[in-house]
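Presented below is the structure to which this report refers.
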Protein chains: 4
Amino acid sequence: MRGYTMNKDDYIKRLRRIEGQVRGLQRLVDEDTYCIDILTQISSVNAALNSVAVGLLHGHLGHCVTDAINTDQVEGAAKVDEATAAIARLLKS
Amino acid sequence: MRGYTMNKDDYIKRLRRIEGQVRGLQRLVDEDTYCIDILTQISSVNAALNSVAVGLLHGHLGHCVTDAINTDQVEGAAKVDEATAAIARLLKS
Amino acid sequence: MRGYTMNKDDYIKRLRRIEGQVRGLQRLVDEDTYCIDILTQISSVNAALNSVAVGLLHGHLGHCVTDAINTDQVEGAAKVDEATAAIARLLKS
Amino acid sequence: MRGYTMNKDDYIKRLRRIEGQVRGLQRLVDEDTYCIDILTQISSVNAALNSVAVGLLHGHLGHCVTDAINTDQVEGAAKVDEATAAIARLLKS
């Protein structure tokens with residue numbers, strides 16, 4: 001598959017970096033950094049989180065959903081419903 | 001399947017309503033309506049468009065992608081890649 | 001001011017183009033165009049609408065909100081509240 | 001002002017909770033938690049971050065931007081431009 005799905009270690013590495021960015025946000029607030037610079041950093045964290053979400057979704061469609069479809073039509077349809085609901089939540093968040 | 005996918009007529013009906021809302025936005029601008037009211041209306045159009053997108057995505061996963069997976073592993077994986085790219089574009093728009 | 005705010009004619013021109021895109025979406029659905037191509041077009045409409053929203057917001061902050069702040073402290077704060085609520089709605093839509 | 005702006009301690013408390021959620025995401029990935037549950041949690045972190053961003057933006061408009069407008073017309077317009085650019089970045093992230 002293409003470049004969306006990462007392996008477990010890559011996800012954890014990315015999330016650790018995001019955790020560090022969120023800790024950095026606390027320091028920025030604490031040091032009364034200029035608001036706009038904090039907002040720019042929040043945009044960057046949002047984008048990083050969305051990139052993790054897209055990777056997970058790709059892996060989910062390519063493994064769980066694909067396996068369910070290969071196994072059983074009803075189970076496949078249920079997995080498609082569930083994935084769609086998750087996508088709808090991401091679009092609104 | 002659940003409530004995301006609509007039939008063709010429902011999509012067209014929804015899109016016709018969105019078209020009417022966008023025409024309404026032109027009238028609001030032309031009549032110098034208060035900006036905040038126009039912005040509220042834009043939020044409503046965005047939400048309506050996203051709802052159409054989620055419906056189409058659900059139908060796509062449940063039909064095209066499911067059929068591809070049932071037919072051939074490589075073709076299935078390609079469809080999953082393509083759907084993921086479309087989701088990533090929606091998340092950024 | 002910079003490039004966000006447009007004049008009335010520009011907004012109407014942009015919205016007319018968006019209206020045309022939404023009408024195009026109806027034709028795409030009606031002609032059973034490939035879902036992914038329709039979704040790509042929806043992403044493009046979303047981006048165009050957001051660009052109009054950002055322009056309106058810029059004009060609103062630079063005129064209505066600025067005037068209110070210049071006139072009266074309480075009125076200025078009320079306009080800031082109202083604009084923030086509109087931004088929060090856009091972020092969720 | 002209304003409920004958007006928080007005091008410094010509230011922002012730090014919220015960001016600390018978000019940091020904990022991101023650490024939780026690493027544990028979920030490490031323990032091979034079901035993807036959909038991880039995605040739901042990412043939606044929740046996104047929403048929490050956006051709520052912090054809206055609060056900061058409200059405080060910024062109500063203080064920095066308001067002060068600049070009260071002081072000088074050119075400086076006020078520059079602050080409005082800058083805030084609009086930050087909002088545009090948030091809308092795309």
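Numbers restart at 1 for each chain; the letters A, B, ... are given by sequence-line order, proteins then strands. On a predicted model such as this, the values are computed, not experimentally measured, just so you know.
Heavy-atom contacts from other residues, nucleotides or ligands closer than 6.0 Å to NZ of K8(D) number more than 12.
For the pair Y11(A) and Q26(D), the minimum side-chain heavy-atom distance is 4.5 Å or more.
In this structure, NE2 in H58(A) is found 12.0 Å from SG in C35(D), a value given to the nearest 0.5 Å. Q21(A) CD to L15(D) CG: the interatomic distance, rounded to the nearest 0.5 Å, is 12.5 Å.
Among K92(D), R23(D), R27(D), the residue making the largest number of heavy-atom pairs under 4.5 Å with chain A is R23(D). For the options L39(D), I36(D), L90(D), heavy-atom pairs under 4.5 Å to chain A are most numerous at I36(D). With chain A as partner, the option from I18(D), D30(D), T40(D) having the largest number of non-hydrogen pairs under 4.5 angstrom is D30(D). The choice from S93(A), C64(A), A53(A) that makes the most heavy-atom pairs within less than 4.5 Å of chain D is S93(A).
Contact annotation for R16(D): both backbone and side-chain heavy atoms come within less than 4.5 Å of a heavy atom of chain A.
Listed in order of number, the residues of residues 41-50 of chain D that approach chain A to under 4.5 Å between heavy atoms are I42(D), S43(D), V45(D), N46(D), A47(D), L49(D), N50(D).
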